[in-house]
Amino acid sequence: MASRFNPLKADAAWQKAWDENRTFAARDDSPKPKSYVLEMFPYPSGRIHMGHVRNYTMGDVLARFRRMTGHEVLHPMGWDAFGMPAENAAMERNVHPGNWTRQNIATMKAQLKRLGFALDWTRELATCEPEYYGHEQALFLDFLEAGLVYRKESAVNWDPVDMTVLANEQVIDGRGWRSGALIERRKLSQWFLKITQFADDLLRGVQGLEHWPDKVKLMQENWIGKSQGLQFRFALAANEIGASEVEVFTTRPDTIFGSSFVAIAADHPIAQKLAVDSAEVQTFIERCKQGGTTAAELETQEKLGFDTGLRAVHPFDSTLNLPVYIANFVLMDYGTGAVFGVPAHDQRDFEFATKYALPIRRVVSDGDKTDPAFTDTEAYSGPGTLVNSHFLDGMDVADAKREVITRAEAGGWGNGQTVWRLRDWGVSRQRYWGTPIPIIHCDACGPVGVPRDQLPVTLPEDVSFDVPGNPLDRHPTWKHVDCPSCGAPARRETDTLDTFVDSSWYFIRFASQPKDRPFDKAVAEQWLPVGQYIGGVEHAILHLLYARFFTRALQHIGKLDVAEPFGGLFTQGMVTHETYKAPDGRWLSPEEVRSGKVVETGETVTIGRIEKMSKSKKNTVDPEPIVDQYGADAVRWFMLSDSPPERDLEWSENGIEGAWRFVQRVWRVVDAEPSVAGGENLELRKLLHRTIKGVADDVEALHFNKAVAKLFTLVGAIEKAAPSADRDAAARTLVLLVSPMIPHLAEEAWVRLGGEGLIADAAWPEVNPALLVDDEVTIAVQVNGKLRDTLVMPKGAAKDIIEAAALASDKIVRLLEGNMPKKVIVVPDRLVNIVL
RNA sequence: GCGGACGUGGCGGAACCGGUAGACGCCGGAGACUUAAAAUCUUCUGCCCCUCGGGGCGUGCGGGUUCGAGUCCCGCCGUCCGCACCA
């Protein structure tokens, strides 16, 4: 008798069975080939959202599939548990960040469990626990000892009301996002990690990441931003402030004879010196600092310059003196904070020179124009031959660059130089809810590392958030300690580490978690690198770059012999939903809307763009009630259907309904009475084997939507097939094929079919290659490239036989009207094209 | 501005290496079962002509290469993403 699959009962029962059997616990000592599947661990914000569900479903399918294909799979889960939201909650609701976070973790863990993910919960970790961050502190000290950590004064965004440092994203129109206070630039002593020391390695390493999306690789390359050129000094003509030279960096030393000015940043030391005695300079510098740094503002912002009266002497022609300007477009923190301007060959310089009537001199010919007078309306920055450049004339750009660098080095006034866009990583945060930086400041000894036997430096629990500022800093006792070096009274560092540090090595700790050290080298190396890492593109730059840096830094100090942490990377698309607005302009949630009307008031709703689910637009769908209603399998199936995983998936009621129907269809197929009739069905058997092969290939390539389509086709074919032994076999195999995607139903069906053990431990079905080849093929018959007929022929039929058959077809005979074709093209097993 | 991705029915999307465009799903139409509904099943469903045979058009637009182009080349248009005064 046909029954229905009841996810309410099945989900919980099988989740319990997997738990009790420790089915998904990864064994370090397994002889099987190892496979590490990892999704980016979540921030415990409160509840699981659809983005998590999609992300973890994809990883789960791959993890389960890898298990079926004979791998020992590590598929762990943990919590990126430090960060600002916990402190915000503490301030708003007077709860302790730790309680708030741990409560969220408990909630979200329960939610994840209800989706039946094949996770190794024995390795669960939370970055906010001393068992994790204590080891991070040890790594920090390792890096400190290895010279990879240093302390430097650095400007920060300071909110004077909240008395805290803000990230750039938290500064909106120059004001603190929370307090609304005008933000000050303050200089604070901060800790930095020397990521720039690895800039070249990180850049070169990108090339080797074959299983990363090109897009992400490119973003990393651009972020690292390598520029090669010449750094050199201009001598300055005698002047009142006693500056003798100004150093500039250029990627176009070849154009040196086209330079007509030097420009320095507003905060360049020379500008600062000039400002001391000049109100005019002070005013100009102030003006430069105004104006935002947003894209739109920069686009429209005028190039401003101030002629300092200083004159720079051209290194190759001492009779040539270039005016030195302070300019608002020169950045102090890139290169040397000073540039020389070549208006003919740089658009920005061109605009500046036009505005201040500076000479524009052509030194690179674009092929036909060689005249020094430059009359074009925009700069020419393409390739060409040097002209009007003395000894460089006739060289191409690359040769001229080399020549100038050689001469500069020989003359002792400059050097070939590589400049990076990448900055060292400032990791100090003036916050409570983060990893305490294990440093003690002593007046006599300076900053001293906390002795290893005193780790972890734990966060004090008794803190209050009713006053703005860093609770660690105003804690009555916590920071008062003795210097480990000289014993004098000293102060603890009260800054904590950027949470990106926490996520820079968690994947290593997952692979190996001894109590007494961050990880065991040999064990971690068995699992690493992560075979497949899955997460959102929003982490394409920072997290992935920091994790790559950390791994290389660990390799550098000999702790781990792995260069790249993530062998394969996949960035999945977002889950989106339509947005709705009431007539008064407020956003409406999907539950408030039915058939274009506001449920309560009957007002007409404006349907807006399809956007990423977000609380502010109210277009979120909470996964939990959906799981309640349809079960985990339907939700999982929907997450995999239709949209390619790298693209956005639009949540829809119809979509989840369709997924639910599919789950029940599979159940009905399996639930059918076994055949007693026997008999065979070769077509079905062939389709089955094509599907085994196809689904495996698709899952391996993360093309879940294609795998889903193939499974739909197979289910449809089984439904239509008359009872036979082949049909029974197909139904049984189907259960194996869908088991990575809808594992609860698969377990339930496995029992019903008399399968042994858990299907989670079953092997992926074998493909019979003989069944993948067809002995008959359909051949398209075209006339002048247009399809006119099809023929069914034995596979591998000879060309002349196919041609004869095509020409003999009724339709073709009619179309030919007795004419001879000019040409007949035959592609064996594919098509015939008759050209008239 | 620089860099990148993409553009296929009403919708999400398939289409290996240039070889039958629209698989599969959703929506929609018609029908079966039912007192009725739900569920389920059958069937149709790119557009336009047409007398049932069939014909024409069709992968953002305009060209080109080819026996043959969604796929390759050139030029446009549009959407999205990243970076951004980077010397």
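The sequence lines fix the lettering, A, B, ..., with proteins before strands; numbering per chain opens at 1.
Remark: aromatic rings of A/Trp413 and A/Phe316 are close, center separation under 6.0 Å. A/Phe638 and A/Trp651 have their aromatic ring centers within a separation under 6.0 angstrom. Ring centroids of A/Phe340 and A/Phe232 are separated by less than 6.0 Å, placing the two rings close together.
A side-chain hydrogen bond (donor to acceptor under 3.5 Å, both in side chains) check over residues 789-798 of chain A, counting only residues at least two apart or in different chains, returns the pairs A/Asp789-A/Ser809. Residue pairs that meet the side-chain hydrogen bond (donor to acceptor under 3.5 Å, both in side chains) test with at least one member in residues 212-225 of chain A, sequence neighbours left out, are A/Gln207-A/Glu221, A/Gln220-A/Arg548.
To the nearest angstrom, P of B/C2 lies 24 Å from NZ of A/Lys226. A straight line from CZ of A/Phe340 to C1' of B/C86 spans 15 Å, rounded to a whole angstrom. Note: CZ (A/Phe712) to P (B/G13) measures 16 Å, nearest angstrom. In this structure, A/Asn222 atom CG and B/G1 atom C1' are separated by 14 Å, rounded to whole Å.
Among A/Glu611, A/Met50, A/Lys612, A/Met613, the one residue that satisfies the side chain to side chain contact (heavy atoms under 4.5 Å, CB included) test with A/His577 is A/Met613. The one candidate from A/Leu714, A/Asp697, A/Leu737 that meets the side chain to side chain contact (heavy atoms under 4.5 Å, CB included) condition with A/Ile692 is A/Leu737. The only member of A/Ile270, A/Val262, A/Thr308 that meets side chain to side chain contact (heavy atoms under 4.5 Å, CB included) when paired with A/Leu236 is A/Ile270.
Contact annotation for A/Tyr334: base contact, defined as any heavy-atom pair under 4.0 Å involving a base atom. Counting non-hydrogen atoms under 4.0 angstrom, A/Val248 reaches nothing in the nucleic acid. Across all strands, A/Thr778 comes closer than 4.0 Å to base atoms (heavy-atom distances). Within the 4.0 angstrom heavy-atom criterion, only backbone atoms of the sugar-phosphate kind lie near A/Thr713; the bases stay farther away.
In this model, no donor atom of one side chain and acceptor atom of the other lie less than 3.5 Å apart for A/Asp648 and A/Thr576. In this model, no donor atom of one side chain and acceptor atom of the other lie less than 3.5 Å apart for A/Tyr356 and A/Ser260.
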For nucleotides 29-32 of chain B, print each protein N/O atom paired with a nucleotide N/O atom at under 3.5 Å, atom names and distance only.
none

Quick one: which protein N/O atoms are closer than 3.5 Å to N/O atoms of nucleotides 50-58 of chain B? Pair and distance per line, please.
| from | atom 1 | to | atom 2 | distance (Å) |
| --- | --- | --- | --- | --- |
| B/G56 | OP2 | A/Arg788 | NH1 | 3.1 |
| B/C57 | OP2 | A/Lys786 | NZ | 3.3 |

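Atom CZ of A/Phe306 and atom OH of A/Tyr325 lie 10.5 Å apart (nearest 0.5 Å). To the nearest 0.5 Å, atoms CD (A/Glu803) and CD1 (A/Ile801) are separated by 11.5 Å. The CD1 atom of A/Ile834 sits 11.0 Å away from atom CE of A/Met820, with the distance rounded to the nearest 0.5 Å.
Between A/Val339 and A/Thr250, every side-chain heavy-atom pair lies at or beyond the 4.5 Å cut-off.
Side-chain proximity of A/Phe329 to B/U40, B/C24, B/C85: nearest is B/C85. The side chain of A/Ile541 lies closest to B/C83 when the candidates are B/C83, B/A23, B/U20. Closest to the side chain of A/Leu218, out of B/G4, B/G13, B/C41, is B/G4.
Annotated as anti: B/C72, whose glycosidic dihedral deviates from 0 by more than 90°. Under the 90° criterion around 0 for the glycosidic angle, B/G70 counts as anti. An anti orientation is assigned to B/G55, its glycosidic angle lying beyond 90° of 0.
Taking the P atom of each, B/U79 and B/G31 are spaced 44 Å apart, rounded to whole Å. As rounded to the nearest Å, B/U71 and B/A21 have C1' atoms that lie 11 Å from one another. The same atom, C1', is picked in B/A39 and in B/A32; the two are 14 Å apart, to the nearest Å. A gap of 14 Å separates the P atoms of B/C11 and B/G46, to the nearest Å. B/C27 and B/G19 are spaced 33 Å apart, taking the C1' atom of each and rounding to whole Å. B/G75 and B/G22 are spaced 32 Å apart, taking the P atom of each and rounding to whole Å.
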- request: Take A/Phe352 and A/Phe261 through the side chain to side chain contact (heavy atoms under 4.5 Å, CB included) test and state the conclusion after the steps.
  value: CA-CA 10 Å; A/Phe352 189 78; A/Phe261 66 94; 3.4 Å; yes
message: Is there a ring pair (Phe, Tyr, Trp, His ring centres under 6.0 Å) between A/Phe257 and A/His314? Walk through the geometry before answering.
response: CA-CA 8 Å; A/Phe257 289 104; A/His314 195 283; 5.4 Å; yes
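OP1 or OP2 of B/C26 lies within a sub-4.0 Å distance of a side-chain N or O belonging to A/Arg661. Close to B/C67, at under 4.0 Å from its OP1 or OP2, lies a side-chain N or O of A/Lys823. Side-chain nitrogen and oxygen atoms of A/Ser227 include at least one within less than 4.0 Å of the OP1 or OP2 phosphate oxygen of B/A87. Checking the phosphate oxygens (OP1, OP2) of B/C27, a side-chain nitrogen or oxygen of A/Asn654 falls inside 4.0 Å. Dashed line: the shortest gap from a side-chain N or O of A/Arg665 to OP1 or OP2 of B/U40 is not under 4.0 Å.
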Bracket string, RNA chain B, 5' to 3' - pairs by Watson-Crick or G-U geometry under 3.5 Å, | interstrand: (((((((..(((......[....))).(((((.......))))).((((....))))..(((((..]....))))))))))))....
message: Strictly under 4.0 angstrom, non-hydrogen atoms only: write out the protein contact profile of nucleotides 14-19 of chain B, one letter per nucleotide from the 5' end, B, S or -.
response: SSB--B
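Residue A/Lys822 places no side-chain atom within donor-acceptor reach of the base of B/C67, judged by atom type and a 3.5 Å distance cut-off alone.
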